[in-house]
Amino acid sequence: MNELLSKLNNEQREAVEHINGPLLVLAGAGSGKTRVLTTRIAYMIGKKGIAPWNILAITFTNKAAKEMKDRVETLVGADANDMWVRTFHSACVRILRRDIERLGYDKNFNIIDSDDQKSLVKECLKELGFEEKQFPPKSVMSEISFAKDNLLTPIEYAQEYGVDFRKKELARLYALYQKKLKTANDLDFDDLIMLTVKLLHENEDVLEFYRNKFRYILVDEYQDTNKAQNELIILLAGQHRNLCVVGDDDQSIYKFRGADITNILDFEKAFPECRTIRLEQNYRSTQNILDAANNVIKNNYGRKGKKLWTDKGKGKNISVYKAQNEHDEASFIANTMSALSRDGYSYSDMAVLYRANASSRALEEVFMRKAIPYRVLSGLRFYDRKEIRDMIAYLRLIKNPDDDISLKRIINTPSRKIGKVTLDKIAAAAEREGTSLLRAIGSYKDGLGQNVADFYDLIITLQEFAKDNKISELVNEVYEKTGYRAFLETDEKAQERDENVNELINGAANYEEANEDASFEEYMDNLALISDIDNYDEDLQAAIFMTMHSAKGLEFPIVFICGFDEGIFPSMMSMASSEDLEEERRICYVAITRAREILYITCAKSRMLYGKTSGYKSSRFLDEIPQELMDITDNTPRVEESWVPKTSTFNPYEIPKSSLTSYSAPAPKPVSNKTFRAGECVVHKKFGRGIIISATPVGNDVHYEIAFESVGTKNLLGLYAKLEKA
DNA sequence: CTCAGCTAGATTTTT
DNA sequence: TCTAGCTGAG
């Protein structure tokens with residue numbers, strides 16, 4: 001134990017040894033936060049004799065939870081298993097499974113994900129006669145989520161915001177949505193937190209039980225908590241007050257999904273007797289990199305203030321490359337990487353970080369062409385894949401026959417010739433009987449046709465199968481018996497999809513091995529709460545591309561940050577409010593501090609975005625990095641003054657077509673050999689004869705507006721329209 | 001019921 | 001420009 005402590009610096013050691021009473025650890029990037037947390041737990045158990053079952057450690061991701069548990073286990077051994085190391089959501093599921101009946105819910109609830117949420121919202125919109133244009137499902141979802149994050153029931157939400165006409169309608173939607181969830185015995189992610197808080201609020205004995213159990217609480221990534229999560233923690237720790245929260249206000253980058261930075265900023269107000277410790281010594285990066293990060297982040301107002309330092313030395317300067325366009329930018333990155341690789345660096349030591357996933361395209365093109373190994377940490381995650389979600393929907397329906405959302409998803413996938421008409425009939429029957437869709441089918445199946453009856457029997461058979469077979473066998477059985485395997489064979493992406501389902505089956509088998517006595521129910525909870533298979537294989541010899549958000553918590557010897565342009569980063573959408581801009585700056589701080597040794601920053605004078613080429617000014621964040629830390633290479637050709645608008649507060653601006661250069665751009669597409677002018681008569685393969693109203697050159701193509709004799713006016717592109725002279 | 005064709009919209013993402 | 005998701009014709 002003493003040996004463990006001796007590996008820590010003074011601040012770290014203090015954070016480990018301060019066990020009683022509230023503690024706020026402001027842990028800068030790369031300051032050994034995880035080491036502090038795990039050592040602290042080991043210290044509590046090994047030195048202070050605190051029982052593992054009295055400890056609750058909360059993280060945000062399963063990955064972090066697993067890592068923490070593993071590391072504690074190597075320190076203290078099997079004792080670690082008696083400790084709760086869980087994500088917020090999985091801790092809440094466990095609490096709710098025990099006592100949710102107190103809130104009038106069924107113990108056997110299912111957890112739905114955002115995709116199901118969306119279809120449910122759409123249903124509610126339809127039922128209340130709202131237009132999706134007026135209430136986009138996405139924004140309805142985030143409003144409901146906002147309400148739940150703030151612990152507001154539909155009624156409370158209406159009271160609070162009902163004066164606003166739109167919000168009044170949203171409250172109705174929220175109420176209906178909630179009613180539907182409850183009938184289907186489903187909870188969404190936000191319910192898990194909100195209902196747990198409600199449970200503890202309304203049931204003194206339950207609260208007592210957990211307060212007594214969790215005498216020591218640790219929370220990781222505290223800057224990412226929302227109001228409901230914070231409330232939960234405060235409730236649990238409110239009595240014994242042995243609460244240690246670890247976080248970095250400068251790395252709060254999840255406001256858009258409800259994270260409330262004031263939780264960490266006001267922690268000292270909520271717990272006035274708290275001890276605050278700053279971890280500012282960085283063990284990751286060179287001083288130049290840290291200076292860049294420090295100088296950027298110091299421009300934010302809403303922060304506690306920290307200054308990272310290292311004893312590693314200054315290291316290399318930051319290389320900045322100003323590219324002509326995104327292709328040039330990508331080529332620079334590719335060429336630099338291949339040079340570094342010749343110098344003995346491994347591609348797996350290198351990462352490219354960008355603000356938005358769309359930026360990976362230009363990079364991929366170039367890397368593919370130059371045959372440099374790369375991987376994209378993509379937006380589409382394993383459990384979001386259609387085939388996986390379909391399989392899970394079957395499993396959910398098998399587990400919970402009332403799960404209408406899942407039933408609707410798969411009743412006709414693969415096709416069983418059960419369409420909208422039949423489904424409406426079933427829904428009407430269910431409505432009449434006040435029951436769920438599957439149960440309605442059960443009572444009326446003779447009247448609904450053979451297809452529906454077969455589907456019903458299929459689910460019942462699988463339910464039986466689930467009772468006395470292993471989970472992996474059940475998943476396999478579902479794959480076979482539902483016809484899904486055969487269905488995939490007809491798909492052009494068949495092989496990949498089949499592999500994904502097999503991966504799911506393997507995953508189930510692994511789960512059985514790791515949790516011998518695990519039930520089907522537990523497996524399903526695990527499925528619902530796990531975000532992705534943590535299959536980011538660090539040993540693979542390839543450079544990795546990812547968003548700055550996904551890079552949080554990771555580090556690489558060599559980092560390229562691309563798209564350092566006003567409007568790209570900071571993102572256009574953030575430029576209206578200073579709060580959002582500060583969040584962008586925190587993202588920048590996160591991105592810079594991912595680098596251990598070498599940092600490259602690139603921007604481009606012009607880029608194609610959404611099919612339009614615009615000019616860009618380099619990011620304001622670049623101006624915030626001291627000149628002396630940077631070596632700048634400018635590959636932008638000198639151009640006449642008129643090129644850049646003099647009063648260029650408005651960015652990005654449209655580039656005059658004439659000044660576009662084709663430098664290192666991909667070969668232009670073949671220009672259509674026939675072009676037409678306004679007034680000419682043309683013939684289209686499908687639309688027949690028409691007259692050209694206007695012809696506008698767009699890049700190397702021409703955009704035509706054509707009035708056809710039979711189908712009216714259409715907008716067509718010359719390259720694709722295959723027009724003939726009439 | 002299905003599938004082709006068109007339109008609108010397009011940060012960031014965990015659970 | 002790309003693509004997901006809706007609409008209307010078969």
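Chain letters run A, B, ... following the sequence lines, proteins first, then strands; residues in each count from 1.
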Exercise for the section: Mind running side-chain hydrogen bond (donor to acceptor under 3.5 Å, both in side chains) on Q117(A) and Y177(A) for me, showing each step along the way? Expected result: CA-CA 9 Å; Q117(A) 256 181 318; Y177(A) 171 87; 3.3 Å; yes

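Residue K133(A) is the one, among K133(A) and D580(A), whose nearest nucleotide of DNA chain B lies closer to the 5' end (criterion: closest heavy atom). Closest-nucleotide positions on DNA chain B for S550(A) and G419(A) were compared, and the one nearer the 5' end corresponds to G419(A).
No N or O donor and acceptor, one from the side chain of R355(A) and one from the base of dT11(B), sit under 3.5 Å apart.
One interatomic measurement links the two molecules: CD1 of I193(A) to C1' of dT14(B), which rounds to 11 Å at whole-angstrom precision. For H327(A) and dT1(C), the NE2 to P distance is 12 Å, given to the nearest whole Å. Going from atom CG of L353(A) over to atom C1' of dT12(B) covers 13 Å, rounded to whole Å. Distance, N451(A) CG to dT2(B) P: 10 Å, rounded to whole Å. In this structure, CG of N62(A) is placed 14 Å from C1' of dT13(B), rounded to the nearest angstrom. In this entry the distance linking CZ of R257(A) with C1' of dT15(B) reads 8 Å, nearest Å. In this structure, Y354(A) places its OH atom 9 Å from P of dT13(B), rounding to the nearest Å. Atom-to-atom, NZ of K612(A) to P of dG9(B) comes out at 15 Å; the value is rounded to the nearest Å.
Taking the side chain of A356(A) as heavy atoms from C-beta on, and the options dT11(B), dT2(B), dG5(C), the nearest nucleotide is dT11(B). Of the candidate nucleotides dT14(B), dC1(B), dT12(B), dC1(B) has the atom lying nearest to any side-chain atom of T422(A). Checking dT15(B), dA10(B), dT14(B) against the side-chain heavy atoms of F189(A) singles out dT15(B) as nearest. Taking the side chain of R361(A) as heavy atoms from C-beta on, and the options dT12(B), dC2(C), dT11(B), the nearest nucleotide is dC2(C).
Across all strands shown, I111(A) has no heavy atoms under 4.0 Å from either base or sugar-phosphate atoms. Using a 4.0 Å heavy-atom distance criterion, F60(A) is classed as a sugar-phosphate-only contact. The residue F88(A) sits apart from the nucleic acid: no heavy atom pair falls under 4.0 Å. Contact annotation for N412(A): backbone-only contact, meaning every heavy-atom pair under 4.0 Å involves sugar-phosphate atoms and none involves a base. Counting non-hydrogen atoms under 4.0 angstrom, E584(A) reaches a base of the nucleic acid. Within 4.0 Å of T547(A), counting heavy atoms only, lie sugar-phosphate atoms of the nucleic acid but no base atom.
Ring-plane geometry between F130(A) and F135(A) is classed as tilted, the angle between the planes lying from 30 to 60 degrees on a 0 to 90 degree scale.
Put simply, N357(A) has a side-chain N or O that comes within less than 4.0 Å of OP1 or OP2 on dT13(B). Of the side-chain N and O atoms in S574(A), none sit less than 4.0 angstrom from OP1 or OP2 of dT11(B). Considering only side-chain N and O atoms, Y254(A) lies nowhere under 4.0 angstrom from the phosphate OP1 or OP2 of dT11(B).
A gap of 15 Å separates the P atoms of dT12(B) and dG5(C), to the nearest Å.
Looking at residues two or more places apart in sequence or on another chain, you find no side-chain hydrogen bond (donor to acceptor under 3.5 Å, both in side chains) involving N400(A). Every residue two or more places apart in sequence or in another chain was checked for a salt bridge (Lys or Arg N to Asp or Glu O under 4.0 Å) with K425(A), and none qualifies. By the side-chain hydrogen bond (donor to acceptor under 3.5 Å, both in side chains) test, R409(A) is found to be paired with D115(A), D390(A), residues two or more places apart in sequence or in another chain being considered. Considering only residues two or more places apart in sequence or on other chains, S359(A) meets the side-chain contact (heavy atoms from CB on, under 4.5 Å) condition with Y354(A).
A donor-acceptor pair under 3.5 Å is absent between the side-chain atoms of E132(A) and the main chain of K122(A), judged by distance alone.
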What are the atom names and distances for every N/O pair under 3.5 Å that joins the protein to nucleotides 6-10 of chain C?
residue, atom, partner, partner atom, Å
dC6(C), OP1, K122(A), NZ, 2.6

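With rounding to the nearest 0.5 Å, the separation of CZ in R86(A) from CD1 in I95(A) is 9.0 Å.
Listed by first and then second residue, the ring pair (Phe, Tyr, Trp, His ring centres under 6.0 Å) pairs involving residues 574-594 of chain A amount to none (not counting sequence neighbours).
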